[in-house]
**Q** 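I'd like to ask you about the structure that follows.
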Amino acid sequence: LPISHEDSEDIDEFTKQDLQFAERYLKTHYNLHSNPAGIMRKSADTVASKLREMQSFFGLEVTGKLDEETYELMQQPRCGVPDVGE
Amino acid sequence: YNFFPRKLKWSKNNLTYRIVNYTPDLKRAEVDRAIKKAFKVWSDVTPLNFTRIRSGTADIMISFGIKEHGDFYPFDGPSGLLAHAFPPGPNTGGDAHFDDDELWSTDSKGYNLFLVAAHEFGHSLGLEHSRDPGALMFPVYTYTGNTGFLLPDDDVQGIQELYGAGDYDPNPKHPKTPEKCDANLTLDGITDLRGEMMIFKDRFFWRLHPQMVDAELVQIKSFWPELPSKVDAAYENPIKDHVFMFRGRKFWALNGYDIIEGYPKKIYELGFPKNLKAIDGAVHISDTGKTLFFTGNKYWSYDEDTQALEKGYPRLIEEDFPGIGDKVDAVYQKNGYMYFFNGPLQFEYSIWSKRVMRVLNTNSIFWC
């Protein structure tokens with residue numbers, strides 16, 4: 001996942017599990033597709049665009065990068081229906 | 001508000017529902033009541049009627065399940081996904097499923113079944129998730145209290161676009177989410193919190209970060225579930241790293257997300273007269289270590305060191321702060337200026353020269 005490189009602390013904060021969690025979140029609620037091997041080999045732009053979509057939906061700062069605020073929101077309890085009908 | 005693609009909706013107004021099974025967290029009667037009340041949220045504002053059936057296939061089948069529960073959209077254990085529902089249609093269309101790995105409750109102890117069900121039935125009727133953080137159809141769970149629940153205006157507009165309005169709405173006052181650039185915007189309170197500014201309005205506040213142009217709108221309850229849904233005034237004491245919030249005769253001290261033990265307290269414990277009903281505005285002046293409290297047309301000065309109201313107060317606002325009017329909705333200080341909010345106007349008041357320097361619109365705090 002694209003993570004913020006502006007602040008090196010951000011990079012340290014997200015573990016592999018955190019990134020997998022964020023990936024699952026985008027798959028569940030933002031229709032993010034992985035390739036048949038199940039690895040996110042598609043360009044990071046796709047993930048970034050889904051992150052941007054999510055950040056825009058929730059009125060967060062739209063960066064396309066995983067930051068603390070976006071990750072916090074992903075962890076909040078919520079409805080399982082995707083935010084994008086498509 | 002949003003709709004599902006192709007604007008899916010029921011082609012009839014009389015719909016049936018069936019509660020297929022129950023959660024062990026609640027009595028059956030409690031589940032029945034929560035579900036019935038959740039449907040009423042929608043039937044009150046539309047011509048839709050909901051009838052419960054106890055056998056056979058209903059339009060909306062309601063069930064509790066865990067993990068993979070038969071629809072290939074598995075739940076995920078405690079927290080995370082709470083429930084989901086299908087848009088109107090045959091077979092699974094309209095059905096609502098609740099994750100039984102959650103703790104369901106009729107209050108705020110667990111996830112409130114009524115609130116979650118009302119949200120899910122919005123999907124069952126054709127509403128998609130809303131971007132409005134005040135809407136019932138916003139995807140993130142926030143406990144808002146289930147007594148006297150009022151369906152937010154955004155949801156009413158959405159559902160009425162699908163089905164029209166009903167004959168009689170018993171609660172026609174549907175709360176609107178405030179818009180920051182509204183020319184008539186008024187505010188409830190303003191405080192700093194660790195470098196961010198928090199601007200309170202109704203059950204919301206805007207978070208304004210100094211490096212961000214756009215403010216983020218958040219429900220007070222989603223940040224601090226124990227606080228009341230609306231505040232009268234707020235201020236930060238940066239030395240103590242505490243934020244104080246006032247509502248009616250009570251006030252709370254917060255350290256970040258946490259309410260400090262021993263709160264809420266009563267405002268008379270600060271030294272105010274017992275008959276004082278509320279604080280309108282509060283501001284801490286770092287240079288003097290004093291906090292000013294505004295109540296009606298008067299203000300008080302509180303010494304944070306001695307933790308006592310200063311002698312000689314209250315004084316009239318109009319006498320000591322000429323030009324800002326005779327009441328204060330909200331106030332903050334920055335760079336030697338105090339910014340007083342009174343209705344849709346904001347007064348920039350120089351602490352040094354003791355006069356109003358500029359009059360601005362309230363919404364200019366958001367660069368509108």
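For clarity, every value in this text was computed on a predicted model and none was experimentally measured.
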**Q** So, using side-chain contact (heavy atoms from CB on, under 4.5 Å) as the criterion, who are the partners of B:D132 when residues are at least two apart?
**A** B:S130, B:A135, B:D154, B:T177

**Q** For the CD atom of A:Q55 and the CD atom of B:E216, what is their distance to the nearest 0.5 Å?
**A** 11.0 Å

**Q** If I take atom CG from residue A:D83 and atom CG from residue B:N2, how far apart are they, to the nearest 0.5 angstrom?
**A** 9.5 Å

**Q** Side chain, backbone, both or neither: which part of B:F75 has an atom under 4.5 Å from a heavy atom of chain A?
**A** neither

**Q** Name the region of B:Y73, side chain, backbone, both or neither, that has any atom closer than 4.5 Å to a heavy atom of chain A.
**A** neither

**Q** For a 4.5 angstrom cut-off between non-hydrogen side-chain atoms, does A:V81 reach B:M137?
**A** no

**Q** Top residue by heavy-atom pair count (under 4.5 Å) with chain A, among B:E102, B:R207, B:H123, B:H119?
**A** B:H123

**Q** Go through A:F57 and B:H129 one step at a time and tell me if the side chain to side chain contact (heavy atoms under 4.5 Å, CB included) criterion holds.
**A** CA-CA 10 Å; A:F57 185 92; B:H129 283 149; 3.8 Å; yes

**Q** Mark yes when over 12 heavy atoms from residues, nucleotides or ligands other than B:K176 sit less than 6.0 Å from its NZ; otherwise mark no.
**A** no

**Q** Are more than 12 heavy atoms from other residues, nucleotides or ligands located less than 6.0 Å from atom CZ of B:R194?
**A** yes

**Q** Can you say whether B:E120 sits under 4.5 Å from chain A via the side chain, the backbone, both, or neither, judging by heavy atoms?
**A** side chain

**Q** Determine the minimum heavy-atom distance between A:R78 and B:V140, stating which atoms define it.
**A** CB-CA, 4.0 Å

**Q** Hey, what do you get for CD (A:Q76) to OG (B:S222), rounding to the nearest 0.5 Å?
**A** 6.5 Å

**Q** How far apart are the closest heavy atoms of A:C79 and B:H84, and which atoms are they?
**A** SG-CA, 4.5 Å

**Q** Which region of A:Q75, side chain (C-beta onward) or backbone (N, CA, C, O), has a non-hydrogen atom less than 4.5 Å from a non-hydrogen atom of chain B, or is it both or neither?
**A** neither

**Q** For B:P133, which atoms come within 4.5 Å of any heavy atom of chain A: side chain, backbone, both, or neither?
**A** neither

